[in-house]
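Computation of the quantities below employed the complete heavy-atom set of this structure, encompassing side-chain atoms and omitting hydrogens, waters and symmetry-equivalent molecules.
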Amino acid sequence: MEHAVKEDNPVRITLPDGKVSQYDGPVTGAKIAADIGPGLAKAALAVRVNGKLWDLSREIGEDAEIALITGKDDDGLELIRHDAAHVMAQAVQELFPGTQVTIGPAIENGFYYDFARETPFTPEDLEKIEARMREVVDRDLPFEREVWDRNEAIKLFEEKGEKYKAELIRDLPESETITIYRQGDWFDLCRGPHMPSTGRVGKAFKLMKLAGAYWRGDSRNEMLQRIYGTAWPDEKQLKAHLAMLEEAEKRDHRRLGREMDLFHFQEEAPGAVFWHPHGWTLFRSLIDYMRTRQERAGYTEISTPSVMDRSLWEKSGHWDTFREHMYTTVTEDERVFALKPMNCPGGLQVFRQGITSYKDLPKRVAEFGKVNRYEHSGALHGLMRVREFTQDDAHIFCTPEQIEDECRSVVELIMDIYKDFGFEDVRIKFADRPEKRIGSDADWDQLESALKGALEHMGYSYTHNPGEGAFYGPKLEFVLRDAIGRDWQCGTLQVDMNMPRRLDATYVDANGDKQYPIMLHRALFGSLERFTGILIEHYAGKFPMWLAPLKAVVASITNDVDDYAREVAAAFNAAGISCELDLRNEKINYKVREHSVTKVPVIAVVGGREAENKTVAIRRLGGKAQEILALEEAVARLKAESTSPLA
């Protein structure tokens, strides 16, 4: 039960600008907003009280620092989506009595709700549900928060036939307050908070698709039906999002991967990539680029085994914290081995060989390590979510005094690298200690302070991602915004003083004593497979010349000029301009269209006139005009365009 508050207790409210207002007794966020002005009273959706989000109608009975939330805030957008999920659940149960509601959160760009219903939903059902949602919005039903007794709540939901809700309540800690939110006669189990009424959801929403989902994400449980939707503060933003999705579909790396003949997947190796020649050329170019950048930054490169004994993973802490994602095998002599899900324990074994002096630090050790992690089949998504992938990992071993300088060097390197690949808009997230972790709180305090200090001294702003650090240390996450406004989390930097201790990795300090180094885990692309997929979609397959796996095709108009076409192709390839020949007995317009589909940047057309004059007709991808150049000039120009940013 919630504690009653004495009416005569004065309450001091501090606003974000430092202004303090005093009330004679408990006060709601709605009252505070109204006192500030009618505009804010109309716009306010919720209130943040001492860092926690509350309903506007909930009474604040003690002194508090508050911030009023509107639709312009990130919290406001999440509230719109959360409430839209509740509106959808009400609409579904009104239209399809007997349907059970389970879990329905706000997610990135939208919301979903999982339903238990014997009859499958259809696309036509989505249209009906969306129409009923608009009716529920028009009713402008107040969201009303109620605190219920645990046992009474379980009994009521069971009587309604809502076994999933009853199970959720049973599994909540005994100390958990059971809160129910009503909207008219309909109600749902929910922690909240919510906006004042269903009318505040607005009508800038759309139901997007149907999918299957196991109850609580466990394949041993019942299969539920999930309805996805998207919701925005206004119609303009909804239309922009839908346009972005339409553009994203055109850029889908899986479709472009087929058209450009880059890679494929097949059922015999779920979540693992079969690279085709052009795709592997692109993949290798990323490794070559990163290898050069790392060598220039003082890294040495190693390679460690893919399969190692269970005992190593137990010592490192992975066995206890990451076991469900690891592939294991038992040999005939009954030894248990695991395919490595991470490269760090192997890197530590290399560091442990011999004696390392403090004078040898920092040591920057890189590895293009292939790792394997089990993901549920429903989570797999082309190159973006795989089970086998390659990390551009590096581990930096340093003294406590060197942490900040090394962090700064990594941040500078990663930001510079992203610019080379066309990403100018990069956000940084700081992720602190997760609930499941190793190491003492004192260790975490020190590491979190060092990581934040490096960013602050460099002048980089960052957002807080609470509880999302690795189990062995806090981390920075680097989020790229692509050409159509989507965000991709790629690189990471993690600070760790726990794993060197667990695996007994030491150095000798100035006094001759053994000390444990600080270990920085660093990946810049992250997963090379995923980064490749991001690049394909960022450029829509139209790579800049230096990155394109196939830079040119020499296409003949007639077979009479085949020898000259071979001469042109040889000149291109000799200059490092990767090139293929198309000598087929097809019309030139057909050849141009076909190679345009595969996104070849340059088509060099040669006919009788070009052969006679030693010229080529250059056609650019996406352009209709052609440029006649002398062969030597064409080679020089295309070679310059193909030059890597590192040259």
Side-chain angles (χ1 to χ4, degrees), residues 45-46 53 69 71-92 101-116 121 126 129-130 133 137 143 164-165 168 181 188-195 198 200-218 223-234 237-246 248-249 252 375-382 384-385 427 429 431 434 463-468 477 479-482 484-489 530 534 537:
L45 302 177
L53 210 56
I69 306 301
K72 295 180 180 179
D73 301 306
D74 289 342
D75 286 332
L77 182 53
E78 185 169 346
L79 282 166
I80 291 171
R81 290 168 176 165
H82 182 192
D83 289 8
H86 279 244
V87 169
M88 178 175 72
Q90 180 177 359
V92 166
V101 296
T102 63
I103 296 173
I107 57 174
E108 184 180 9
N109 293 327
F111 59 92
Y112 70 78
Y113 224 114
D114 290 342
F115 299 96
F121 289 113
L126 293 191
I129 296 167
E130 195 173 300
M133 287 175 67
V137 169
F143 283 103
Y164 296 97
K165 291 294 181 183
L168 286 172
Y181 277 83
D188 194 11
L189 172 72
C190 186
R191 288 193 179 94
H194 285 273
M195 298 184 293
T198 60
R200 304 300 288 274
V201 171
K203 296 185 179 178
F205 58 79
K206 183 175 177 59
L207 300 187
M208 303 299 293
K209 64 178 180 179
L210 294 162
Y214 292 109
W215 168 235
R216 292 185 155 182
D218 190 333
M223 175 67 78
L224 306 174
Q225 297 185 65
R226 177 172 294 179
I227 299 178
Y228 283 99
T230 188
W232 297 85
D234 55 55
Q237 292 183 62
L238 172 62
K239 288 181 178 178
H241 177 69
L242 296 177
M244 184 273 288
L245 291 180
E246 185 177 349
E249 187 173 350
D252 191 315
E375 300 277 1
H376 290 293
S377 58
L380 301 178
H381 181 73
M384 304 304 194
R385 194 74 175 263
R427 289 94 190 281
K429 294 182 178 180
T463 56
H464 185 206
N465 203 2
E468 293 298 318
E477 299 172 334
V479 181
L480 314 182
R481 179 155 291 179
D482 71 9
I484 59 173
R486 297 172 300 175
D487 290 340
W488 303 95
Q489 191 268 305
R530 184 167 179 270
I534 293 169
E537 297 197 2

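Residues that satisfy the salt bridge (Lys or Arg N to Asp or Glu O under 4.0 Å) test with Asp218, not counting sequence neighbours, are Arg220.
Taking 4.5 Å as the limit, some side-chain heavy atom of Met88 sits within range of a side-chain heavy atom of Ile129. Arg200 has its side chain out of reach of Leu79: every pair of non-hydrogen atoms, C-beta onward, lies at least 4.5 Å apart. Looking only at side-chain heavy atoms (C-beta outward), Tyr164 and Asp114 stay at 4.5 Å or farther from each other. A heavy-atom distance below 4.5 Å is not found between the side chains of Leu238 and Lys203. With contacts defined as side-chain heavy-atom distances shorter than 4.5 Å, the pair Leu210/Ile227 qualifies. Residues Leu77 and Arg81 are in side-chain contact: their nearest non-hydrogen atoms beyond the backbone lie under 4.5 Å apart. Using a 4.5 Å cut-off on side-chain heavy atoms (C-beta onward), Met384 and Ile534 make contact. Looking at Asn109 and Trp232, their side chains come closer than 4.5 Å, going by heavy atoms from C-beta outward.
The line from CG of Leu45 to CD of Glu78 is 12.5 Å long, rounded to the nearest 0.5 Å. Between atom CZ of residue Arg530 and atom NE2 of residue His381 there is a gap of 10.0 Å, rounded to the nearest 0.5 Å. The distance from the CD atom of Gln237 to the CG atom of Leu242 is 12.0 Å, given to the nearest 0.5 Å. Going from atom NE2 of His82 over to atom CG of Asp75 covers 13.0 Å, rounded to the nearest 0.5 Å. Taken from CG in Asp83 to OH in Tyr181, the straight-line distance is 9.5 Å, to the nearest 0.5 Å. A distance of 7.5 Å separates CG of Asp252 from CD of Glu249, quoted to the nearest 0.5 Å.
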Run the numbers on Gln90 and Val101 for side chain to side chain contact (heavy atoms under 4.5 Å, CB included), then give the verdict. CA-CA 9 Å; Gln90 180 177 359; Val101 296; over 6 Å; no

Start with the C-alpha distance between Leu168 and Arg216, add both sets of side-chain angles, then the distance that settles side chain to side chain contact (heavy atoms under 4.5 Å, CB included), and finish with yes or no. CA-CA 10 Å; Leu168 286 172; Arg216 292 185 155 182; 3.1 Å; yes

Carefully, step by step, assess Met208 and Leu245 under the rule side chain to side chain contact (heavy atoms under 4.5 Å, CB included). CA-CA 11 Å; Met208 303 299 293; Leu245 291 180; 3.4 Å; yes

Between Lys206 and His241, is a side chain to side chain contact (heavy atoms under 4.5 Å, CB included) present by the stated rule, with each step listed? CA-CA 11 Å; Lys206 183 175 177 59; His241 177 69; over 6 Å; no

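In this structure, the ring of Tyr113 has its center less than 6.0 angstrom from the ring center of Phe115.
Contact check on Lys429 versus Glu468 returns no salt bridge, with no Lys/Arg side-chain nitrogen under 4.0 Å from an Asp/Glu carboxylate oxygen.
Between Phe143 and His86, the ring-plane angle classifies as perpendicular under the 30° and 60° cut-offs.
Among all heavy-atom pairs drawn from Lys165 and Leu189, the shortest one is NZ-O, 3.9 Å. Here the shortest heavy-atom pairing between Ala116 and Leu224 reads CB-CD2, 3.8 Å. A pairwise comparison of heavy atoms in Glu375 and Leu380 identifies CB-CD2, 3.9 Å as the closest pair. Taking both residues in full, the closest heavy atoms of Val87 and Val137 are given as CG1-CG2, 4.4 Å, listed atom of the first, atom of the second, then distance. Residue Gly71 comes nearest to Pro233 through the heavy atom pair O-CG, 3.9 Å, listed as atom of the first residue, atom of the second, then distance. Nearest heavy-atom pair, Ala85 versus Gly104, reported as atom, atom and distance to 0.1 Å: CB-O, 3.7 Å.
Between Leu207 and the options Tyr228, Phe121, Phe111, Tyr112, a side-chain contact (heavy atoms from CB on, under 4.5 Å) holds for only Phe111.
The main-chain N or O of Ala211 is never found under 3.5 Å from a side-chain atom of Arg226 such that the two would form a donor-acceptor pair. Using a distance-only test at 3.5 Å, with no hydrogens or angles considered, no donor-acceptor pair links the side chain of Arg481 to the main chain of Arg427.
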